[in-house]
Amino acid sequence: MPPHSFAPAEPSGLADSPTSEPLLAGLNPEQRAAVTLPAGHALILAGAGSGKTRVLTTRIAWLLQNGYATPGGILAVTFTNKAAREMLTRLSAMLPVNVRGMWIGTFHGLCNRMLRAHHKAAGLPQTFQILDTQDQLSAIKRLCKQHQIDEERYPPKQLQQFIAHCKEEGMRPRDVPQHDSVARKKVEVYQLYEDQCQREGVVDFGELLLRSYELLRDHDPIRAHYQRRFAYILVDEFQDTNRLQYAWLKQLAGDVVEGRLQTQGSVMAVGDDDQSIYAFRGARVGNMQDFVREFDVRQQIKLEENYRSYSNILDSANALIRHNSRRLGKELRTQQGPGEPVRVYEAASDLAEAQWLVDEIRQLVKDGMSRREIAALYRSNAQSRVIESALFNAGVPYRVYGGLRFFERAEVKHALAYLRLLENPHDDTSFLRVVNFPPRGIGARSIEQLQDAARSAGCSLHDAVAAVAGRAGTHLGAFVALVDVLREQTQGLNLRAIIERMLEASGLIEHYRSEKEGADRIENLEELVNAAESFVMQEGFGRDAVALPLDEQRAALRQSPASQGLNPEAPRLDLPLPAVDAAARPGAGAADVDLETGETLSPLAAFLTHAALEAGDNQAQAGQDAVQLMTVHASKGLEFDAVFLSGMEEGLFPHENALSSQDSLEEERRLMYVAITRARRRLYLSHAQTRLLHGQTRYNLRSRFFDELPEHALKWLTPRHPGLASFARTSGAAYAGASSATGQFGLKSESPANAPLPAQKTPPAHGLRVGTAVFHTKFGEGKVLALEGQGEDARAQVQFPRHGTKWLALAVAKLTVVE
DNA sequence: GGCTGTCGCATTTTT
DNA sequence: TGCGACAGCC
């Protein structure tokens, strides 16, 4: 039970509130109820296309506007950067709020932020680097070689999955059951891997979450602080949370006392059990039921009104998903008419299917539909090939989602590895990646020797070079010198200059210049410089501070009776963390700040974090008006005027691997449900009698899912042949008389006007200049090397004789000028 | 060190 | 069938 509550917000009463009305305008009663819920935990079951994001963002805006929460008191968590960005964008369009002081982001992003702030308590260096999936795999391979793990019996890929899975379940090596010798071996590797990561100061994606969870669990003052701070926690796509993410949320929400969860803030979980399609990567729909039980949820609201599709499409979705058991129960409805029927097409072959699809698309485009509003969806990536070549041959522009993303490209990763070595010379993964790239005559032998030396000395490869250089020649020494010198030379330079310098000095540019395929790669490296530049702009490094026209507003917020009354019983902060309050202030904390010392990440380190946490779009011909090709999974959350779902065949969709169990079959059905609900106006379902798969012709039956769709909503473009269920059921008329009413096509999508905050120039208030001598309570006397940002985001690079060069947030760090 | 041939494998994926 | 990983050769 939340210890605090404010006057219960009766939706009807609030409708009269003059301040809230503009926010709430246009919301339906359920949406409005969700937005204006009183304090307490709530589960919002948000059907596809029911305005979920709008409710989430309006809720936050409403809490802020009415003084129920300060920006610093809100935590909103999503799965993807895209979703987090959208929330921020919409929110700032609704309210002139300084969005940067709010904790809105992905699970990984927020955990990262927390770990940087409390890196010492978490047992990490502040500049810990983040391993992506590739890095993690190569780290595991390296480890296997070093410890003579039989890679036949224990494939590195499997070990990687095992480790990731353990972390998702919140298990450290000692927590993993070891039934047999195989399990014991795996756990041993897990332990070795952990030791290696710790030694190198790197952290994988799962570790971000697990470490953050443990930080909260094991440090009472830190946990208490965040529990007090976050009065309102909002979770997007709750059905996709895994065990660890749920446990993390529980730590933030409250403590278990005598078997019961005692919470301080309010958690609003928004999700849709019918759209749970990520069980294979650890998502647990059961978290929804657990949430209701453990949080004693009193408020459950269903958003069932769909603003996206015509009713034939929704009827199909509803009828299909009704075949699933154990649903929380929800039915989509619309005020739109039936619209067009769902068209079903049977092709002789996958080739013919693709050809038909292209013809239909051309017709749609001819009728005035724009290509970007047309999507071709498929269950697995292998199916895109036929469609791509058909589109290509017909000269129809298309865009395939889900390829290599920007920060995953080899050349970009090479460049990032150099940058990481500048930040942390002990990052062996990065060391190995570029020690001989571009080639500089360092062969496998010398690397092996070096690794042996490092192992026996118990140090990093970087540090081991001195020991080996004598024997292995000067190449290794030269490489280390190159990196070390570069580090020296780039001190105090801005991010752009650092990267440009690195690109030259490393020889990357030169290397690619001489390569025949190198032009694209050089372009990408140049793009990396641009990415860094725009990152710097966004994060407020070296930029005029965004004016905060809300100073008064914030003051008002803080003083409003409602927010005063928010936490009447909360004790005053008396953490052994003097600066915690500063970070809790709206406006502060855009950068990762060590809350003890005020130390912030250097622009470079912050950029590296950004690169690891946000893989970047796969920017293939973006911006062009092209047909969108993607898997059904990738389409979740998107919508299109016309959707083609091809390959609707037994074995493909549902996938053959999913036929074995009820649970996985139901997940396939939910996947189909997701696909159907992407369509606004037109939905096409197609299947082929023969299909070339793995070089072999397969004869697939029509998908069982067809038999679960309502006849009245379908239009069979080809005669309906007996399907899977034909023995159990006699099919009716071959052609269902579907209405061809076109209806009004103009379903409006919610497109928030993005009102940018007015910028304003403010003179520097801190009075520091490059060269100023300053004193820090912890690091002692130092000299200012560089200054960036302004106002609350201002930071300084300071060189301390004993502690090296540090970036400090001036709003947090206690710096005094030395005369 | 780079190229070439062979082998094995082949849902879904964000961070 | 088609691609990525890896070993072996020049």
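- Distance, A:Gln160 CD to B:dT15 C1': 13 Å, rounded to whole Å.
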(request) Go through A:Phe431 and A:Val465 one step at a time and tell me if the side chain to side chain contact (heavy atoms under 4.5 Å, CB included) criterion holds. (result) CA-CA 11 Å; A:Phe431 186 101; A:Val465 166; 4.1 Å; yes
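- Residue contacts shown for A:Glu207 are absent, as no nucleic acid heavy atom lies under 4.0 Å away.
- Protein atom CD of A:Glu237 is 12 Å distant from nucleotide atom P of B:dT15, rounded to whole Å.
- Inspection of the A:His323 and A:Tyr673 side chains reveals no N or O donor paired with an N or O acceptor under 3.5 Å.
- Distance A:Leu693 CG to B:dC9 P: 16 Å, rounded to the nearest Å.
- At a cut-off of 3.5 Å, with distance as the only test, a side-chain donor of A:Thr429 or A:Arg142 sits close to an acceptor on the other residue.
- Here the nucleotide nearest the side chain of A:Arg385, chosen from B:dT12, C:dC3, B:dT15, is C:dC3.
- With hydrogens and angles left out, the side-chain atoms of A:Asn424 and A:Gln129 include no donor and acceptor closer than 3.5 Å.
- Side-chain atoms of A:Thr631 stay outside donor-acceptor range of the base of B:dT13, with no qualifying N/O pair under 3.5 Å.
- For the OP1/OP2 pair of B:dT11 and a distance below 4.0 Å, the side-chain nitrogens and oxygens of A:Asn381 include no atom meeting the criterion.
- For the residue pair A:Asn242 and A:Arg284, no side-chain donor N or O sits within less than 3.5 Å of a side-chain acceptor on the partner.
- Under the 3.5 Å distance criterion, with hydrogens and angles disregarded, a donor-acceptor pair is assigned to the side chains of A:Ser380 and A:Gln383.
- Residue A:Lys141 has its side chain nearest to C:dC6 when only B:dT12, C:dC6, B:dT15 are considered.
- Taking atom CD of A:Glu408 as the reference point, atom P of B:dT13 lies 12 Å away to the nearest angstrom.
- What separates CE of A:Met648 from C1' of B:dT11 is a distance of 15 Å, to the nearest Å.
- Taking the P atom of each, C:dA5 and B:dT12 are spaced 16 Å apart, rounded to whole Å.
- Ranked by how close their nearest DNA chain B nucleotide is to the 5' end, A:Ala615 and A:Phe280 are led by A:Phe280.
- The CG atom of A:Leu137 sits 13 Å away from the C1' atom of C:dG4 (whole-angstrom rounding).
- With B:dT13, B:dT12, B:dT15 as the choices, the nucleotide that has an atom nearest any side-chain atom of A:Arg281 turns out to be B:dT13.
- With the nearest nucleotide of DNA chain B identified for both A:Phe205 and A:Gly441, A:Gly441 has the one nearer the 5' end.
- Taking atom C1' on both B:dT13 and C:dG2, the two are 22 Å apart, rounded to the nearest angstrom.
- Put simply, A:His655 rests on the base of B:dT11: the two rings are less than 5.5 Å apart at their centres and nearly parallel, under 30°.
- Distances were taken from every side-chain heavy atom of A:Asn657 (C-beta onward) to each of B:dT15, B:dT14, B:dT11; the shortest belongs to B:dT11.
- Among the heavy atoms of the strands, none lies under 4.0 Å from A:Asp240.
- In this structure, B:dT12 shows a glycosidic angle more than 90 degrees from zero, which is the anti conformation.
- Atom CG in A:Leu629 sits about 16 Å away from atom C1' in B:dT12, given to the nearest Å.
- Listed nucleotides B:dT15, B:dT13, B:dG1 differ in distance to A:Pro439; the shortest reach to its side chain belongs to B:dG1.
- Looking at the side chain of A:Asn436, the nearest of the listed nucleotides B:dT11, B:dG1, B:dT13 is B:dG1.
- Of all nucleotides listed (B:dT11, B:dT13, B:dT15), B:dT13 comes nearest to the side chain of A:Tyr278.
- Using a 4.0 Å heavy-atom criterion, one finds that A:Ile442 contacts the sugar-phosphate atoms exclusively.
- The distance from atom CG of A:Asp236 to atom P of B:dT14 is 16 Å, rounded to the nearest whole Å.
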